[in-house]
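Following: one structure in structure tokens, then a few remarks.
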Amino acid sequence: MSFPYSPLAVVGTVAVDAVETPHGKRDKVFGGSASYFSYVASLFTKVALVAVVGEDFPQAYRKILQERPIDLSHLQTLKGKTFSWSGKYVDDMNSAQTLSTDLNTLLLFNPELKFKKQPEYLFLANIDPDLQLKVLHQMDRKKLKFVAADTMNFWISSKRDQLLKVLSKVDAIVLNDGETKMLTGEKNLLAAAKQIIKMGPRWVIVKKGEHGSMLLGKNELFTLPAYPVEKVFDPTGAGDTFAGGFMGYLAWTKKTDFATIKQALAMGTVTASVTVQDFGLDAVRKINRSHLTKKFKHLQSICKF
Ligand code: AMP
């Protein structure tokens, strides 16, 4: 087995989803927080994917991951079924209604990191906070330049204490508006983000769907609109690819100062805008980094005043 160096690592889910939007219904869509993340982050740098699948995981989906510089040495295959989520978007395309979450092999997953050289950037994508901690604890913190995490309502309600431990150990947390309010019980987003800063992270990034995003630091504030899109086909994966564009950009520039973090937010914004224009990974499979750079410059030009 080879363990080539990857500057960026992600732990998260690799999934088989069922998705329903006003534009149609699809079964067995390739999804998962780590799949979406690594597929786009790998446009910027090599990504090590730490995840688990079951024996039923389609070879065709593994091949999709192999299209990009994604190191699959830490993708375990265990007896049983692959993690599976089904959800639908009814009137609100900004938030999914979960119909079912089948954890399956995720319940057996015990990540064991065997990097010859440890990645410097780490993304703890949406997954059980216990697993996020397991991965983080196996890393030498001094060698990590930037660690960010994501989560969702499922884990906020079922594993709050473990999630608070994750928050106390990361540089940034990426949440959507609903999750930000749920975590704090605070209705005002700025007030909620300020409360989350007190829980430990240096940066809080709040995604507001079609209304853009907000970045709050200890002494910094920045807001960005979404990249305008006329037809949103399937929002699934928007949050994960936002994070993929964001972390990929940081690992690519090798900088983590405020100015670079703002640019990374813009790169996440344009990456997510591509994802929502088709089901699953279909839209992002058609793009490369220069498409994203073009949209990045366009976003810059339409925001300037
Ligand atoms: P998002 O970017 O937020 O739209 O994430 C969509 C992906 O999250 C889907 O492909 C799902 O497989 C995955 N997902 C859904 N629920 C969970 C969960 N509880 N933990 C981890 N991943 C999940």
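When a ligand or atom number is given, it counts from 1 through the structure's own listing order.
Given atom 4 (O) of ligand 1, the protein heavy atom at minimum distance is Gly237 N, 2.8 Å. Among protein heavy atoms, atom 17 (C) of ligand 1 sits closest to Met152 SD, 3.3 Å. Atom 2 (O) of ligand 1 has its closest protein heavy atom at Asp240 OD2, 2.7 Å.
In Lys208, the NZ atom is crowded: over 12 heavy atoms of neighbouring residues, nucleotides or ligands sit closer than 6.0 Å. The local environment of NZ in Lys187 is sparse, with at most 12 non-hydrogen atoms from other residues, nucleotides or ligands closer than 6.0 Å. Other residues, nucleotides and ligands place no more than 12 heavy atoms under 6.0 Å from the NZ atom of Lys294. No more than 12 heavy-atom neighbours from other residues, nucleotides or ligands sit within 6.0 angstrom of NZ on Lys165.
At a heavy-atom distance under 4.0 Å, only backbone atoms of Ala238 (N, CA, C or O) approach ligand 1. Only the side chain of Asp17 comes within 4.0 Å of ligand 1, counting heavy atoms alone; its backbone N, CA, C and O stay farther away. The proximity of Asn126 to ligand 1, defined as any non-hydrogen pair under 4.0 Å, involves the side chain as well as the backbone. When heavy-atom distances to ligand 1 are checked against a 4.0 Å cut-off, Phe83 comes that close only through its side chain, counted from C-beta outward.
In summary, the atoms of ligand 1 found under 4.0 Å from a heavy atom of Gly239, numbered by their order in the structure, are 2 (O). In the vicinity of Phe154, heavy-atom distances shorter than 4.0 Å reach the ligand 1 atoms 19 (N). Distances below 4.0 Å separate heavy atoms of Ala15 from the following atoms of ligand 1: 12 (O). Every atom of ligand 1 with a heavy atom of Gly32 under 4.0 Å away is listed here by number and element: 9 (C), 10 (O), 12 (O). Within the listing of ligand 1, atoms 10 (O) sit less than 4.0 angstrom from a heavy atom of Gly31.
In summary, the side chains of Arg62 and Thr77 do present a donor paired with an acceptor at a separation below 3.5 Å, with no hydrogens or angles considered. For Thr256 and Tyr121, the side-chain atoms include no donor-acceptor pair closer than 3.5 Å.
Within the model, atoms CD of Gln66 and OH of Tyr61 stand 15.0 Å from one another, a figure rounded to the nearest 0.5 Å.
Checking only distances, Thr13 does come within under 3.5 Å of ligand 1, N or O to N or O.
Every side chain to side chain donor-acceptor pair (under 3.5 Å) that Thr260 has, sequence neighbours left out, goes to Asp257.
Residue contacts with ligand 1 include Trp155, since one or more of its heavy atoms lies under 4.0 Å from the ligand.
Sorted by first and then second residue, the side chain to side chain donor-acceptor pair (under 3.5 Å) pairs with a member in residues 96-111 read Trp85-Thr98, Ser86-Ser100, Asn110-Lys134; sequence neighbours excluded.
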